[in-house]
Undergrad: 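Dropping a structure here in structure tokens format, bear with me for questions.
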Protein chains: 2
Amino acid sequence: MPKLVSADVEASLRQRIAGGEWQADNRLPNERDLAAEYGVARNTVRAAIDRIAAEGGLVREVGRGTFLKQAAPPDLRAIIGKLTGVSPIDMMAVRGILEPRAAALAATNASASELDSIAAAHAAASAAEEMEAFEQWDGAFHQRIFTGSRIELLNYLHDILLLIRNQDLWVQIKRRSFSPARRLAYCAEHAAIVQALMQRDAGAAEAAMRAHLDTVARNLFSVSAAP
Amino acid sequence: MPKLVSADVEASLRQRIAGGEWQADNRLPNERDLAAEYGVARNTVRAAIDRIAAEGGLVREVGRGTFLKQAAPPDLRAIIGKLTGVSPIDMMAVRGILEPRAAALAATNASASELDSIAAAHAAASAAEEMEAFEQWDGAFHQRIFTGSRIELLNYLHDILLLIRNQDLWVQIKRRSFSPARRLAYCAEHAAIVQALMQRDAGAAEAAMRAHLDTVARNLFSVSAAP
DNA sequence: CCTGTCTGAACCAGATATGGACCAATTATC
DNA sequence: GATAATTGGTCCATATCTGGTTCAGACAGG
């Protein structure tokens, strides 16, 4: 039975914090008292507090105590939960902010092999006949541009956007807007981006990406797909 | 009839998992307890769990236990893990991409009350003497600009950035770079942003935000804080 | 007899918990 | 101002809990 005690303590503390138990003076009981209260060793309580404090919800000060931060930080899980309900309009707006800059950064920062990898994804997408295969390589193309930007965090944010993009509702929207003619148009725009990247022309890459996203947005939100 | 015992255990376990018996903490009883509960040898229980785990429904961790694998998709978990290790340089690069655009959008999209709320956060930050209070209002100031952009997804992405910003390591970096003189400089730059927003001047808001982030980045990455 | 399953047991290695000690910074007390 | 008490920070040796592995033997069915 007595196993993963610190996880239990952690859960209990989180609950009590959320319940406002110590909001009066923003101060938690000291570690020794908490350990006694829970009937566990101090190190166990410390492990639990460590995990909560790592997320920024608590501040510890030697000789003073452990304190609540005034504003509780948003929980990542909750954020992700909200992300699932994001509208396609918002999605394209954010892509319109991130991707042109990512392309510009990739033009200057990407290694030669990264550029090759981007070009390869473009080639594979161009060769794809079916929508599924095209979608996959299109996703890889954009992903690799983010990788080429050499900004890790930017890459992670795009991972999150990809999660949204792969959700059912989004997939349906994409399917409705898909047509062979549009696929060809996308490939031509991709080619322009690749060319700009290869020439290390940041401004051109940014502009080409912006034009591409404009096209995608226009197609996504038009009433029906062209025949 | 000692036959098909492990199959029975397997079926029972599957049923209990599906029934949500252990969803509270995602954790199954340990193998020895399960064996005792079913009146069976531990090896038998292990064989049953082996088959369930092979399908990916369970994860076993030596020394910890056997857990249900249902929570977040694995790629999401990976993203969460990576987010905690992001470098400050990356962080500022991404802020430099997102925030000026958010400011521009807020200049055109924010409601009057949202603008008031932004101005209020600026005023509170200006009035704050201690670093902690200033940090809090500074965070609120930037957060409210994202809210004013009226792009939900942008707001969520900033939540994620805030999460990183509230982590221990990041807090230490900020503390090192903090000084009263710099706080005053930040407040002056905030004032310029607020003025541009109030005048609904998207271009000026974007430029003011960009200048502000440049200052912040320069201060963060300089060797030491000014006296 | 041979095969497959279950039993009961032992031991391993990794993760966690314990109980204690000492340190360093802060605060209260004299 | 000196001293003591309080509090978080760090470390350690030890114990316990957990899944991982192996083995010898029992037993049923072909």
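Every heavy atom of this structure was used, including side-chain atoms; hydrogens, water molecules and symmetry mates were not. Chain naming here is simple, since letters A, B, ... match the order of the sequence lines and numbering starts at 1 in each.
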Undergrad: In whole angstroms, how far is the C1' atom of D:dT7 from the CG atom of A:Leu58?
TA: 15 Å

Undergrad: Roughly how many Å is it from CD in A:Glu31 to P in C:dT18, rounded to a whole number?
TA: 14 Å

Undergrad: Give a yes or no answer on whether the side chain of A:Asn155 reaches the backbone of A:Phe146 with a donor-acceptor pair at less than 3.5 Å.
TA: no

Undergrad: Please tell me which of the listed nucleotides, C:dT26, D:dG8, C:dA9, lies nearest to the side chain of A:Thr66?
TA: D:dG8

Undergrad: With heavy atoms under 4.0 Å as the rule, sort B:Asn43 into base, sugar-phosphate or nothing.
TA: base

Undergrad: Using whole Å, report how far CG of B:Asp33 lies from P of D:dT16.
TA: 16 Å

Undergrad: Take atom CG of A:Asp25 and atom P of D:dT7, then tell me their distance rounded to the nearest Å.
TA: 13 Å

Undergrad: Taking only side-chain nitrogens and oxygens of B:Arg46, does any of them come within less than 4.0 Å of OP1 or OP2 of D:dG20?
TA: yes

Undergrad: Expressed as a whole number of angstroms, how long is the span from B:Arg27:CZ to D:dG19:P?
TA: 7 Å

Undergrad: Taking the nucleotide of DNA chain D with the nearest heavy atom to each, does A:Arg42 or B:Arg32 sit closer to the 5' end?
TA: A:Arg42

Undergrad: Measuring from the side chain of B:Arg64 (C-beta onward, heavy atoms only), which nucleotide among C:dT27, C:dA15, C:dT7 has the closest atom?
TA: C:dA15

Undergrad: Closer to the 5' end of DNA chain C via nearest nucleotide, is it B:Val62 or B:Gly39?
TA: B:Gly39

Undergrad: Any side-chain N or O of B:Thr44 below 4.0 angstrom from OP1/OP2 of C:dT5?
TA: no

Undergrad: Does D:dG20 have OP1 or OP2 sitting under 4.0 Å from an N or O in the side chain of B:Arg60?
TA: yes

Undergrad: For B:Ile145 and B:Ala106, which heavy atoms make the closest approach, and how far apart are they?
TA: O-CB, 3.6 Å

Undergrad: According to the interplanar angle, ranging from 0 to 90°, do the rings of B:His212 and B:His190 count as parallel (below 30°), tilted (30 to 60°) or perpendicular (above 60°)?
TA: perpendicular

Undergrad: A:Glu10 CD to C:dT16 P: how many Å, rounded?
TA: 12 Å

Undergrad: Between B:Arg60 and B:Asp50, does any NZ, NE, NH1 or NH2 come within less than 4.0 Å of an OD or OE carboxylate oxygen?
TA: yes

Undergrad: Between C:dA25 atom C1' and A:Phe67 atom CZ, what is the distance in whole Å?
TA: 13 Å

Undergrad: Separation of B:Leu34 atom CG from C:dC6 atom C1', in whole Å?
TA: 17 Å

Undergrad: Treating A:Asp90 as the side-chain partner and B:Ile151 as the backbone partner, does any N or O pair qualify as donor plus acceptor under 3.5 Å?
TA: no

